2 protein chains.
Amino acid sequence: MKTEDSFFRKSDYCKNCFDCDHRSELFNVLTEEQMYRLNNNRYEVIYNAGETIHKQGSSATHVITLTSGLAKLYLEGKHRDIILEILKPTDFFAAPGIFVDNRHHYTIKAITPTTACFLDVEHFREMINKNPYFAQKYIEMMNEKTINSFGKILELTQKQMPGRVAGAILYLSNTIYESKNMDMELSRQDIADLCGLSKESTIRILKDFKDAEYISLEGKHLTIKDHESLQQIYNNG
Amino acid sequence: MKTEDSFFRKSDYCKNCFDCDHRSELFNVLTEEQMYRLNNNRYEVIYNAGETIHKQGSSATHVITLTSGLAKLYLEGKHRDIILEILKPTDFFAAPGIFVDNRHHYTIKAITPTTACFLDVEHFREMINKNPYFAQKYIEMMNEKTINSFGKILELTQKQMPGRVAGAILYLSNTIYESKNMDMELSRQDIADLCGLSKESTIRILKDFKDAEYISLEGKHLTIKDHESLQQIYNNG
DNA sequence: TTTATGTATTGATGTAAATCAATTTTTATA
DNA sequence: TATAAAAATTGATTTACATCAATACATAAA
């Protein structure tokens, strides 16, 4: 059911792709004709906080661009979830499964009210086949994600708790909120899943950082007070 | 310095790419002209066991196909190495860095005497730009690796020791040696790095499996005696 | 407002796996 | 062959983290 809030957000709907400021930069290399077709085939969906956008294991029929809000992309494990990435506008996502087994290998869930623009996989594949620039852009994007996932593997297996939590704080500050002063929309469990730690351990480390005055923290309001120290803990973690 | 053994292996040198049976299936979609250019630009290198083929952090100038031998592809972490993949003929490898920062983000080292066929990155990029089938094949390959690395993340963070060691044994048997009866060329440390465990812990689990008669193990000769049980341990982890 | 339900916090306890240390076995070298 | 060096094994100890349990707090529903 739509909330009043999401109803009003319908003003967020994009008129067209040509002058859309929510468009992923991936699409900048499309030809005029391809852009036209893109515009005719896309559609937008509005999600409430907590709703699932892609479900791990389900069939991958569309690629998406997040046009507003915040979402988490995570692997559902047996014992816990591992958040690989927080998605924000205008992140583009094409499931790696669309060229393999047409399945989603992770779940994407809205953290805040969110809108996403959907594009049919067949259409996306066609763009790749017909436009080498587009293909190259996509490959660059994929490869960057691969490299990131290497880093994730090392962090999750080699860093210990303080290093991982410091890493999560720096990631949120540098990449997601782009500020040292954050009204985080993530729950403590989300932060834990970002670190691959239990909720309790994460909370304890956050408290340590607060006591050491590296951060200030009240509820979901977090401010980085000593970026230097956090960075050092992350590096030596 | 070349050993006598590696000298004799020069007979392994490929005459040309056209009828090469060490060629990665990726290249099957090349046009005749592209295949001709491939043949003229490639070169082969012979490695002794233990030698480094690609070094993490160094600049990525070539993509490779492993034409003989066995190699390990691993991330060098602060405290330990994580083996992502064992490479065997005719595995193809293009560093994800070639479309990002022109660096290697992992190290590849020969486990046994090994030959690898090198192809210039510029040339490889050209193939991708000029041949959409080739680009698609490459994307498929990349995506498959991405999906595998998701699995790796879950295994390393959620499975405990017996599950991980069982996984490594099954991987070696199913994918690398393609037999239940293996004369493993990997060291105990290699197996540990494949599991993300310490050498000592890995050895202990192997001993447990031997005592339970799931495997027989003498030195580097390993035979799977109870595949079912190993699979179950892997699944329930 | 009251009640309920989920989220956050803190402390006590348990445990999986690493580390350390010593010994044995294997492989390489003089 | 003898000797050195590396790899494998085993046991004892330590520790980083999870789990469990109880309580506090916040948000939403009645």
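Because the structure is a prediction, the values reported are computed rather than measured. To find a chain, count down the sequence lines: A is the first, B the second, and so on, and within it residues start at 1.
Candidate nucleotides C/dA8, D/dT10, D/dC17 were compared by shortest atom distance to the side chain of A/K199, and C/dA8 ranks first. With distances taken from any side-chain atom of A/E200 to the nucleotides C/dA17, D/dT9, D/dC20, the minimum falls on D/dC20.
Between the NE2 atom of A/H221 and the P atom of D/dA26 there is a distance of 16 Å, rounded to whole Å. One can place CD1 of B/I82 at 14 Å from C1' of C/dA18, the figure rounded to the nearest angstrom. One atom, CD1 of A/I111, and another, P of C/dT7, lie 13 Å apart when rounded to the nearest Å. In this entry the distance linking CD1 of A/I203 with P of D/dA26 reads 14 Å, nearest Å. At whole-Å resolution of the value, CD in A/Q158 and P in C/dA17 are 16 Å apart. With rounding to whole Å, A/K210 atom NZ is found 12 Å from C/dA8 atom C1'. For the pair B/K220 NZ and D/dT9 P, the computed distance is 10 Å after rounding to whole Å. Rounded to whole angstrom, the span from the NE2 atom of A/H79 across to the P atom of C/dA16 amounts to 12 Å.
Projected onto DNA chain C by closest heavy-atom contact, A/G219 and B/S198 fall at different nucleotides, the more 5' of which corresponds to A/G219.
A donor-acceptor contact under 3.5 Å links the side chain of A/R204 to the base of D/dT19. Counting distance only, with no hydrogens placed and no angle test, the side-chain atoms of A/R80 and the base atoms of D/dT19 include no donor-acceptor pair under 3.5 Å.
A salt bridge links B/D211 with B/K207: the distance from a Lys NZ or Arg NE/NH1/NH2 to an Asp or Glu carboxylate oxygen falls below 4.0 Å.
Using cut-offs of 30° and 60° for the angle between ring planes, the B/F150 and A/Y106 rings count as perpendicular.
Between the side chains of B/D193 and B/Q189, at least one donor N or O lies within less than 3.5 Å of an accepting N or O. Between the side chains of B/E185 and B/Y177, a donor-acceptor pair is found at a separation under 3.5 Å. For the 3.5 Å distance criterion, the side chains of B/T115 and B/E44 fail to qualify, holding no donor opposite an acceptor.
Close to D/dA7, at under 4.0 Å from its OP1 or OP2, lies no side-chain N or O of B/S187.
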